Student: 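A single structure is presented below for examination.
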Amino acid sequence: MIKFVNIFDNKKDVFVKTKEGMQVFENYPWHFFVDLKDAKSNKVFFQDLLDSGYVKDMKVEGEYVALYCPFLERDNVIRQLKTQGVKTYEDDLRPWQLFLVNEEVELETDQSILFFDIETDDRGVGIEPGRDPILSISAIGSDGREFYFSYRPEDKNGELKMLRKFVKTMGEYDILSGWNSDSFDLVAIATRINGREGFFAGYNSILPRGKRIEFRCMVIEQGSKDLGGLDSVRRSGKYKTKPIDFNHLDLMQKYKEMHYRDTELIKKVRSFSLSAVSMATLNEDKVDLHGESIYKIWKERPDELRTYNMQDVRLLVKLDKALNISFQKLVEHQVCCARLNDYTSHGKIDIFALRGAKRLGKHLPSKPERVERDKRESAEGEPKGNEDSDYAGGFVFEPVKGFHTNVYALDYSSLYPSIIKTFNVSIDSFKGVTQWEEGMEFPEDTIIMPTGAMFARDEIGIIPSIIQFVLDSRNQIRHVDMKKMEKDSLEYQNAHYRQYAFKVLANSMYGIMGASFSRYYKRELAEGITLTGQYLIKMSAKWCEEHGYQIIYGDSDSLYLKKDGEVDLDKDAETLKVFIEEHLRRLFNIKTCHLYMSSEGKFDRFLAIEKKKYAGIHPDGEIKVIGLEVKKRDSLPQAAAWQQEVIDSFLIHGETDSRFYVSWVRACVNAVKNLSPKEITFQKRLSKEIEDYGKDNKNGRAQPIPVHVKVAQWVKDNLDKMGQKDDKINLYSQGSYIEWIVTSSKNGIVGVHPLAFDGHFDIPYYVDACLAPSIRILTSVYPKIDWEEVISGKDLQRLF
DNA sequence: GCTCACAAGATACCT
DNA sequence: ACAGGTATCTTGTGAGCG
């Protein structure tokens, strides 16, 4: 078993970095696969490939033939196979990927880390990594050593010398780790050394003394549309890095990944600045510079800069220790058999699945060729649902809007993985699509879906097998291994992270089957899963209605049910489970039912406002709020505060007298004119650079510029007024939050930055804006009351 | 020149 | 480079009207 720290190739040899040193596997025998039957039916063609020397060797492996050829000649060979119409498997794998799939390897979790942080010249307009000189770098190793690199203004080559010293130190550790370093610190270092394309040179202590190695680190532009998979939470900055032969761990990125669902926290830390996160986690802040420029301090009081710079790294080390970020990350990547640098969902799951397939003696399709596609464009002019673009997802019930009591929640646990297992959904077990109708005839050895997609019944497919393996492993860890361990021990922590990684893997399988760039993609399968989900939740809803429940709401895999009097939800859920199992067996010929609907508790009081917007209170007093404005970071603070009051009145106090709310609204209307600037300040995130807004939309017209972008432009033009820049995130670039107050709404919204606010705001506009979220709740409960009139006071006027 | 319905983008949520 | 579904707010356009 090789424990690797990192692995990469030069398209020929594979380099495996371990704790002991670098192992080189020269001319790693690169290969890919075709079906044996294809090789048999194209005998002459395959013989020609061998004779011409393009393919060096062929070996029969079960149902496949492995074709050996140098990776560099790959394109040529594959083109010929494509022309001949031969399907290939795994032809896209780089030598290092193939190595991970084939060999006995595991990621080393015991890796040394160098935490670091840089300070840059801040005299220019804004902050742009790579443009401004780097003034200092602090670093702390996981072994406790502290480093500080800087130079004096007089030293012409000071910066480059400093960077080279740093890179040398970096080579003494396995991992380089910073905060937002993927978009800032590392971009700056790589760019300052070698320009945008650049790699940077250094010494790797693992190699024999004196032997030089280049640390390659690409600097690439981040797509403006691409939000990185974590909705809008992930990206900041224009560039990011792609380190090749050293490990890099951006703690901010992983921290976001761990917390992106926690809307409460996101509201607190907003852009996930080191300062905000340290405050939230450690209750400790960065050193306050009182608005003084970094450059000035560097020039005049270098010791002070050192203190400041060092404090940031100390925070990093403390955060990692408190939250175990790097350890969790290492364990997670070890479970996936992924390199530390391959952090995308697809990158992490791919090698894991390929290894899983190999264990079963099977191979997975090659990645589809890159198709330039734009979902929106394909929808224009022609009917929606283009060949392989969009497909339907989960079903959302129209809520029965208003205030309810005695609401029960039912939930399919892991609906999509369960469907995959139950219907044996997999690329290799797929038998085509037919028209399905109740009671139709179809082959006995086939499972069918409500969409008509058919799958082999007896031989379990690769994907369901992997899911089964993943869930079995997870259960083994949770219910057996962890029981024997001491809580809070290192091995317990390790086990906990392992089981979590398995859970994530199981839940990601559906996603990659719907991702058109992945080797697992098949529209019929992805849509089969979602539409079967729709079928199941609708059928369950029907069953519940027939058993005395009223459907209040439901989304994809959940149902919210109302029933007064005695209710034994667990018993009903069990009966429903049996019903569904029998139904699926009879109509779809399934073999084993893995679907399980369980009770998610009761709500004494429940507000159904809109699709994806509701709130409820459990008997123990715990309140659950979903999707409402109080949970959104772009909500007006006062609007959220007032909406919270309404929610509490209904759920905690059970107040249902409409007169209470009418007078409450009147009081709010009167209070608007006295609101403080903070309460009426909007905030929204810039999801791309200012220049990228206002381009032509799909109708060929210039897209209007949103208010927050106009204000961002003002910020850019008035940077001198903004005071000290917070952290690495520019005040007006992709990822920044923009604040504004509305001063006029007569001819379009006019927003001004809080710093330009003179105290006059558009009161009528704010009356609407502050009350809208509350009014939406009140309208859903009391649809007959004209709340517009209550706000305008017309209902009062009528009385006089 | 006004109102109004509508399309489309942008953001941030939910499962 | 995991997926789709949805509400809400904003601006610009074009129809209908006087």
Side-chain angles (χ1 to χ4, degrees), chain A residues 222-223 225-233 260-261 263 266-267 342-350 353 367 370-371 373 375-376 379-380 389-399 411-412 414-416 504-505 507-518 520-521 523 525-527 529-531 533-534 537 553-558 609-614 625-636 639 682-688 692-710 737-738 742 745 747-749 751 768-769 772-773 776:
Chain A
Q222 308 201 108
K225 274 188 218 156
D226 179 14
L227 298 172
L230 294 182
D231 290 346
S232 59
V233 189
Y260 79 104
R261 275 177 227 272
T263 49
I266 291 173
K267 274 206 275 190
D342 295 320
Y343 58 83
T344 62
S345 196
H346 180 264
K348 277 187 289 192
I349 207 168
D350 202 26
K367 264 194 185 183
R370 289 173 78 103
V371 193
R373 74 192 187 105
K375 284 182 189 176
R376 294 174 204 288
E380 197 191 8
S389 56
D390 302 348
Y391 66 89
F395 181 77
V396 186
F397 289 79
E398 190 60 49
D411 205 308
Y412 274 105
S414 303
L415 179 61
Y416 289 177
V504 173
L505 276 171
N507 288 334
S508 317
M509 293 308 299
Y510 153 70
I512 57 170
M513 292 168 87
S516 61
F517 57 81
S518 91
Y520 314 87
Y521 175 67
R523 186 179 187 270
L525 307 199
E527 190 165 36
I529 294 165
T530 55
L531 291 184
Q534 289 205 11
I537 201 69
Y553 178 60
D555 185 348
S556 305
D557 58 2
S558 63
I609 311 303
E610 266 299 350
K611 285 178 173 177
K612 317 252 182 205
K613 287 176 189 266
Y614 58 93
V625 179
I626 302 294
L628 288 164
E629 283 75 3
V630 291
K631 291 203 78 175
K632 300 187 66 174
R633 35 192 206 301
D634 61 347
S635 296
L636 190 55
F682 287 91
Q683 56 172 43
K684 253 199 178 79
R685 187 182 179 275
L686 274 182
S687 69
K688 47 191 187 186
D692 294 330
Y693 290 87
K695 297 195 166 154
D696 285 358
N697 64 21
K698 69 170 199 168
N699 291 337
R701 288 195 267 264
Q703 180 60 24
I705 309 283
V707 180
H708 72 296
V709 182
K710 289 180 189 160
Y737 278 84
I738 306 297
V742 173
S745 58
N747 299 304
I749 308 290
D768 280 342
R776 278 194 284 273

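Here is how names work: the chains are called A, B, and so on, in the same order as the sequence lines, proteins then strands, and each is numbered from 1. Quantities reported herein were computed from a predicted structural model and do not represent experimental measurements.
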Student: Of the candidate nucleotides B:dG9, C:dC2, B:dA10, which contains the atom at the shortest distance from the side chain of A:His708?
Tutor: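 Given the options B:dG9, C:dC2, B:dA10, the side chain of A:His708 is closest to B:dA10.
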Student: Please determine, for the side chain of A:Phe517, which listed nucleotide (B:dA10, B:dC14, C:dC2) has the closest atom?
Tutor: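 So the side chain of A:Phe517 is nearest to C:dC2.
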Student: Is A:Tyr416 touching bases, backbone alone, or none of the nucleic acid, heavy atoms closer than 4.0 Å?
Tutor: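 If one applies the 4.0 Å heavy-atom cut-off, A:Tyr416 turns out to touch nothing in the nucleic acid.
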Student: In whole Å, what is the span from the CG atom of A:Asp342 to the C1' atom of C:dC2?
Tutor: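 Rounded to whole Å, this separation is 15 Å.
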Student: For the side chain of A:Tyr614, counting heavy atoms from C-beta on, which of C:dA3, B:dT11, B:dT15 is nearest?
Tutor: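 Among the listed nucleotides, the one closest to the side chain of A:Tyr614 is B:dT15.
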Student: For the side chain of A:Asp555, counting heavy atoms from C-beta on, which of C:dG5, C:dC2, B:dC14 is nearest?
Tutor: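 Out of C:dG5, C:dC2, B:dC14, the nucleotide with an atom closest to A:Asp555's side chain is B:dC14.
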Student: Name the closest nucleotide to the A:Ile626 side chain, picking from B:dA12, B:dT15, C:dG4.
Tutor: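 The closest nucleotide is B:dT15.
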Student: Give me, pair by pair, the N or O atoms of the protein and of nucleotides 15-18 of chain C that are less than 3.5 Å apart, along with how far apart they are.
Tutor:
none

Student: With the side chain counted from C-beta on, respond yes when A:Phe395 and A:Leu531 share a heavy-atom pair under 4.5 Å apart, and no when they do not.
Tutor: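 When only atoms from C-beta onward are counted, A:Leu531 and A:Phe395 do not touch, as no gap falls below 4.5 Å.
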Student: Find the distance A:Tyr737:OH to B:dA10:C1' and express it as a whole number of Å.
Tutor: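 After rounding, the reported distance stands at 14 Å.
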Student: Mind checking whether A:His708 and A:Leu686 have side chains closer than 4.5 Å, heavy atoms only?
Tutor: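 A:His708 reaches A:Leu686 side chain to side chain.
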Student: Starting at atom NZ of A:Lys367, determine the distance to atom P of C:dA1, rounded to an integer number of angstrom.
Tutor: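 My rounded result for the distance is 9 Å.
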Student: Return a single string for nucleotides 7-13 of chain C, one symbol per nucleotide in 5' to 3' order, where B is base contact, S is sugar-phosphate-only contact and - is none, cutoff 4.0 angstrom on heavy atoms.
Tutor: SSSSSSS
Student: If you look at every strand shown and take non-hydrogen atoms under 4.0 Å, does A:Thr263 touch a base, only sugar-phosphate, or nothing?
Tutor: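 Sugar-phosphate: the residue A:Thr263, judged by heavy atoms under 4.0 Å, touches backbone atoms but no base.
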Student: Is it the case that the side chains of A:Tyr520 and A:Asp350 hold a donor-acceptor pair, with the cut-off being a distance below 3.5 Å and no angle test?
Tutor: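 Short answer, yes.
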Student: Should A:Ser687 and A:Tyr693 count as side-chain neighbours, where that means a heavy-atom distance under 4.5 Å?
Tutor: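 Answer yes - side chains close enough.
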Student: For B:dC14, does OP1 or OP2 lie under 4.0 Å from any side-chain N or O of A:Tyr553?
Tutor: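 So the side-chain polar atoms of A:Tyr553 never come under 4.0 Å of the phosphate oxygens OP1 or OP2 of B:dC14.
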Student: Which whole-number value in Å describes the distance from A:Leu636 CG to B:dA12 P?
Tutor: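 My rounded result for the distance is 15 Å.
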Student: Classify the nucleic acid contact of A:Gly511 as base, sugar-phosphate or nothing, counting any heavy atom under 4.0 Å across all strands shown.
Tutor: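 Touches a base.
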Student: Do the non-hydrogen side-chain atoms of A:Lys611 and A:Glu398 ever get within less than 4.5 Å of each other?
Tutor: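 Side chain of A:Lys611 against side chain of A:Glu398, heavy atoms only: contact under 4.5 Å found.
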Student: Atom CD in A:Gln534, atom CG in A:Asp557: separation rounded to 0.5 Å?
Tutor: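 Taking CD in A:Gln534 and CG in A:Asp557, the distance rounds to 12.0 Å.
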Student: Could you state the atom-to-atom distance from CG of A:Leu628 to P of B:dT11 in whole Å?
Tutor: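 So the two atoms are 22 Å apart, to the nearest Å.
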Student: Please give, in whole Å, the distance from C:dA3 C1' to A:Leu531 CG?
Tutor: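 From A:Leu531 CG to C:dA3 C1': 13 Å.
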Student: Counting side-chain heavy atoms from CB outward, which of B:dC13, B:dT15, B:dA10 is closest to A:Asp557?
Tutor: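 Between B:dC13, B:dT15, B:dA10, the one nearest the side chain of A:Asp557 would be B:dT15.
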Student: Can you tell me how far apart CD1 (A:Ile626) and CD1 (A:Ile609) are? Round to the nearest 0.5 Å.
Tutor: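 One gets 12.5 Å once the value is rounded to the nearest 0.5 Å.
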Student: Should the pair A:Tyr391 and A:Tyr510 be assigned to parallel (<30°), tilted (30 to 60°) or perpendicular (>60°) ring geometry?
Tutor: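 If you compare the ring of A:Tyr391 with that of A:Tyr510, the planes turn out perpendicular.
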Student: Given side-chain contact (heavy atoms from CB on, under 4.5 Å), test A:Phe682 with A:Ile738 step by step and report yes or no.
Tutor: CA-CA 8 Å; A:Phe682 287 91; A:Ile738 306 297; over 6 Å; no
Student: Using a 4.5 Å cut-off on heavy atoms from C-beta on, say whether the side chain of A:Arg633 contacts that of A:Thr263.
Tutor: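 When only atoms from C-beta onward are counted, A:Arg633 and A:Thr263 do not touch, as no gap falls below 4.5 Å.
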Student: How many Å lie between CG on A:Asp411 and C1' on B:dC14, as a whole number?
Tutor: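 About 13 Å, once rounded to whole Å.
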Student: Nearest whole angstrom, please: distance from the C1' of B:dA10 to the CG of A:Asp634.
Tutor: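 About 10 Å, once rounded to whole Å.
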Student: Taking only the side-chain nitrogens and oxygens of A:Arg633, find out if one of them lies under 4.0 Å from OP1 or OP2 of B:dT11.
Tutor: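 Checking A:Arg633 against B:dT11: no side-chain N or O falls below 4.0 Å of OP1 or OP2.
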Student: Taking only the side-chain nitrogens and oxygens of A:Ser345, find out if one of them lies under 4.0 Å from OP1 or OP2 of C:dA1.
Tutor: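 For C:dA1, neither OP1 nor OP2 has a side-chain N or O of A:Ser345 closer than 4.0 Å.
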